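Below is one structure, written out as structure tokens; the observations come after it.
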Amino acid sequence: MALNQAGGGGRSSVCSPKVLKTVLGLMGISLVAYILGPPLYWHLMEGLAAVSRTSSVATCPPCHCDCNSEPFFVIPPGLSNASLTDCAKRDPEVGEDTEKNFADLLSEELKLREAEASENQRKADMALLEAKKLTSQYMKEADKCNSGMETCEEAREKAELLLLEQKKQTAIWETRARQKGWKEGAAKSRTQSQGNVQTM
């Protein structure tokens, strides 16, 4: 607030939209230069190095060396180890044995992988067969359950029908009894007095 009203109520030049946009623009450009600058610099330097190498190769004359063919450091014949120099030579017998061993190792590796794959396949087949058996068993149990539910439902419907029929007959008999003079309170007292007589 104090910044906006500095200098007697007018807008300050520090917080004007133009200054704010300029500062944000400079920050954005700096950020982009910070992120993209190093990779671009190295690509540019590699390109310049490649151009300078091609131009220097074309302008340089070929080098003619008058070098002695003997090595700089020579081991005396008594101290030299001949096995080191022979090591680099190719021995046909060793090469054939090595190739045979390599071929045997590869064939053995292939046989092991094939055995492992067939064992995995056998386990997968057994698991599939077991899953099929369990599925069949569960389906049989579900069928039994469904048939039991249907039977129970049919029995419940029959029981409801019988209960309704029984209620109708009870209502008919009760109506007839009332027409003949039966009263509900009198019937209760008679059954209680008969119960008391029987207990004595």
Side-chain angles (χ1 to χ4, degrees), residues 1-75 79-92 94-139 141-142 145-146 149:
M1 294 271 187
L3 291 177
N4 285 340
Q5 296 179 356
R11 287 197 168 202
S12 172
S13 62
V14 176
C15 289
S16 70
K18 290 180 181 181
V19 171
L20 187 63
K21 286 180 184 179
T22 306
V23 169
L24 286 176
L26 286 174
M27 286 176 62
I29 291 171
S30 300
L31 184 64
V32 168
Y34 176 75
I35 293 172
L36 298 177
L40 290 176
Y41 171 77
W42 289 112
H43 283 295
L44 181 65
M45 294 310 284
E46 286 176 2
L48 289 175
V51 168
S52 66
R53 269 186 261 139
T54 56
S55 64
S56 65
V57 168
T59 58
C60 274
C63 296
H64 296 288
C65 296
D66 188 20
C67 301
N68 192 357
S69 62
E70 292 200 21
F72 178 71
F73 179 70
V74 178
I75 300 173
L79 296 176
S80 70
N81 187 357
S83 64
L84 289 176
T85 56
D86 291 342
C87 198
K89 294 180 183 175
R90 181 160 189 230
D91 187 7
V94 174
E96 289 175 12
D97 288 342
T98 306
E99 287 177 11
K100 286 180 185 176
N101 287 340
F102 186 68
D104 291 341
L105 287 172
L106 281 177
S107 65
E108 188 175 330
E109 178 72 21
L110 286 173
K111 286 177 185 175
L112 285 173
R113 289 195 182 191
E114 185 178 333
E116 184 180 342
S118 63
E119 179 67 21
N120 289 342
Q121 183 65 37
R122 187 185 65 78
K123 286 180 182 178
D125 289 343
M126 289 180 66
L128 180 64
L129 184 63
E130 186 68 27
K132 285 181 179 179
K133 286 179 184 177
L134 285 173
T135 303
S136 175
Q137 182 180 355
Y138 288 147
M139 288 179 74
E141 292 293 326
C145 185
N146 286 340
M149 287 291 289

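All of these numbers come straight from a predicted model, not from anything done at the bench.
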Rounded to the nearest 0.5 Å, how far apart are CG of L112 and OG of S107? 9.5 Å
When rounded to the nearest 0.5 angstrom, what is the spacing between NE2 in H43 and CG in L36? 10.5 Å
Partners of E116 by salt bridge (charged side-chain N to carboxylate O under 4.0 Å, His left out), sequence neighbours excluded? none
Separation between SG (C145) and CD (E141), nearest 0.5 Å, reads 9.0 Å
dist K18:NZ -> L20:CG (nearest 0.5 Å) comes out at 13.5 Å
For the residue pair P38 and A33, what are the closest heavy atoms and their distance? CD-O, 4.2 Å
Test item: L105 and E109 side chains (from C-beta on) under 4.5 Å apart, heavy atoms: no
Do R122 and M126 come close enough that some side-chain heavy atom pair is under 4.5 Å? yes
For L44, all residues meeting side-chain contact (heavy atoms from CB on, under 4.5 Å), sequence neighbours excluded: L48
So how far is it from D125 CG to N120 CG, rounded to the nearest 0.5 Å? 11.0 Å
Has S136 got a side-chain atom pairing as donor or acceptor with K132's backbone, closer than 3.5 angstrom? no
Separation of Q121 CD from E119 CD (nearest 0.5 Å): 11.0 Å
